[in-house]
Protein chains: 2
Amino acid sequence: MKVARQPNLEPMPEDTEAKIFRAAEEEFVARGYKGARMQHIADQAGINKSLLHYYYRSKEKLFRAVFSKTAEKVFPKIPKMWGWDVPLIERMERFVDGYIDILLKNPMLPSFVMHELQQNPGQLVSMFGDLLSFPFQKVKEEILRSMESGEIRKTDPEHLLANVVGLCVFPFVARPMLEKVTGMSKEEFDQFLIDRKQHVKEFIHRALAP
Amino acid sequence: MKVARQPNLEPMPEDTEAKIFRAAEEEFVARGYKGARMQHIADQAGINKSLLHYYYRSKEKLFRAVFSKTAEKVFPKIPKMWGWDVPLIERMERFVDGYIDILLKNPMLPSFVMHELQQNPGQLVSMFGDLLSFPFQKVKEEILRSMESGEIRKTDPEHLLANVVGLCVFPFVARPMLEKVTGMSKEEFDQFLIDRKQHVKEFIHRALAP
DNA sequence: GTCTATATAGGGATAGAC
DNA sequence: GTCTATCCCTATATAGAC
């Protein structure tokens with residue numbers, strides 16, 4: 001008689017599929033779709049190239065699997081960070097906090113998204129455009145209301161969106177040049193990115209205060 | 001007896017080398033180094049692939065030629081835009097104006113630079129890091145002075161640099177996603193980018209006003 | 001200088017043994 | 001499931017005729 005499989009209390013040694021997945025994640029994020037090499041992924045996973053095709057039929061399918069998971073993990077957090085129960089400026093501050101926290105945990109993600117956005121805009125936009133555009137419409141309405149009530153200055157909501165996201169994302173994408181220009185070391189720049197949460201919040205706060 | 005060559009009053013028909021160069025410029029900026037195809041460049045220039053190698057020995061050399069020129073045309077303008085004879089906030093406004101003007105004329109350039117910066121940071125940084133870091137030091141000193149004199153609020157100069165450049169550059173890089181999320185058409189987004197000069201200037205002005 | 005033809009290399013994908 | 005061997009396409013680069 002078969003014994004029922006025990007639930008995974010101890011972490012199992014990573015199975016092949018998971019190893020491939022994790023290796024692919026690194027490779028794609030680091031080098032983009034075109035730059036990624038199936039051979040590198042196989043090497044990193046410690047297996048043969050053919051096995052990649054056994055588990056995921058093609059590079060394209062592997063990419064979709066990896067990126068769907070990564071993005072589904074990250075993107076849905078974005079609208080949720082927007083707390084709905086406090087004044088608008090405080091909500092934006094929470095958003096900045098949560099957003100930069102995600103970026104600190106996934107520092108290569110912005111460059112990756114920017115790159116794929118240029119090389120293959122349709123794919124990303126079709127996957128996540130709708131997911132993000134509905135929350136934006138809700139936020140936009142609130143911004144307009146807060147402007148009416150005098151809580152914040154009159155500002156174009158589309159520009160405000162670009163400002164907030166851009167202020168958070170840009171240092172991650174432009175890191176090598178910023179390091180050189182400012183003369184910061186790796187460690188100093190890491191600290192700079194952590195400090196950035198506070199700075200961006202204050203910067204936006206001042207710009208929006210009536 | 002040979003007659004001296006007339007100066008080029010009339011534009012000469014573009015010679016092969018120039019045609020190749022211009023075609024390569026488009027291809028590399030649009031698709032990045034890895035994505036670029038020698039065949040596309042040859043087609044666009046209306047010549048054979050082999051001629052590319054006759055004029056420029058390899059893809060790598062062609063890339064360096066093209067990008068050195070493009071970047072040498074654009075980067076040195078950046079420190080020059082900083083007028084030295086007016087109050088600090090006005091200088092920053094001039095900088096934003098001039099910088100966004102450059103981007104409007106080269107809308108694909110930011111994505112290209114971001115991408116190469118990630119794939120091959122050393123190359124770009126070594127070419128232009130020094131060129132930009134000296135002006136930054138001068139600007140930083142002035143920012144600190146203006147903070148002392150109370151002309152602007154106390155702000156960290158490194159963060160301020162990231163803010164100003166990021167606010168200008170980000171919409172160009174994230175364009176496809178921003179179009180989708182905001183629901184803007186191509187034409188509306190073009191106008192958005194033009195309006196952005198004014199918006200960014202005001203945003204920075206408010207954030208820095210004492 | 002410009003072309004055709006071809007060499008060479010790299011990478012994704014498949015066949016088939018075990 | 002995992003490996004070895006190989007196919008096949010694409011892309012850079014070169015040889016050589018004109």
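Chain identifiers are assigned alphabetically (A, B, ...) following the order of the sequence lines, protein sequences preceding nucleic acid strands; residue numbering begins at 1 within each chain.
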What protein N or O atoms touch nucleotides 14-16 of chain D N or O atoms at under 3.5 angstrom, if any, and at what distances?
from   : atom 1 : to    : atom 2 : distance (Å)
D/dT14 : O4     : B/S50 : OG     : 3.1

Would you kindly give the CG-to-C1' distance between B/D43 and C/dC3, to the nearest whole Å? 15 Å
Using only atom types and a distance under 3.5 Å, with no angle test, would you say the side chain of A/Q118 pairs donor to acceptor with the backbone of B/V173? no
For C/dC3, take OP1 and OP2 only and decide whether either is under 4.0 Å from a side-chain N or O of B/Y54. no
Tell me the interatomic distance from B/I20, atom CD1, to D/dA13, atom P, rounded to whole angstroms. 14 Å
Starting at atom CG of A/L51, determine the distance to atom P of C/dA13, rounded to an integer number of angstrom. 15 Å
For A/Y54, enumerate each residue passing the side chain to side chain contact (heavy atoms under 4.5 Å, CB included) test, keeping only those at least two apart in sequence or located in another chain. A/L51
Is it possible for you to check whether B/K59 lies under 6.0 Å from the centre of the six-membered ring of B/F28, through NZ or CZ, and within 45° of that ring's axis? no
Of the listed C/dA13, C/dT2, D/dT2, the closest approach to the A/M38 side chain comes from C/dA13
Nearest-Å distance for atom pair CZ/P, residues B/F63 and D/dA13: 14 Å
Just how far, in rounded Å, is P of D/dT12 from OH of B/Y56? 16 Å
Flag the pair A/F21 / A/Y55 as yes when their ring centroid distance falls below 6.0 Å, and as no otherwise. no
Need one value for A/A42: base, sugar-phosphate or nothing, where a base atom within 4.0 Å counts as base even if backbone is also close, heavy atoms only. nothing
Is there a side-chain contact between A/S58 and the phosphate of C/dG12, meaning an N or O under 4.0 Å from OP1 or OP2? no
Set of residues satisfying side chain to side chain contact (heavy atoms under 4.5 Å, CB included) with respect to A/E26, sequence neighbours excluded: A/R22, A/Q44
Integer-rounded Å distance: D/dA13 P and B/E60 CD: 9 Å
Are B/E202 and B/Q198 linked by a side-chain donor-acceptor pair shorter than 3.5 Å? yes
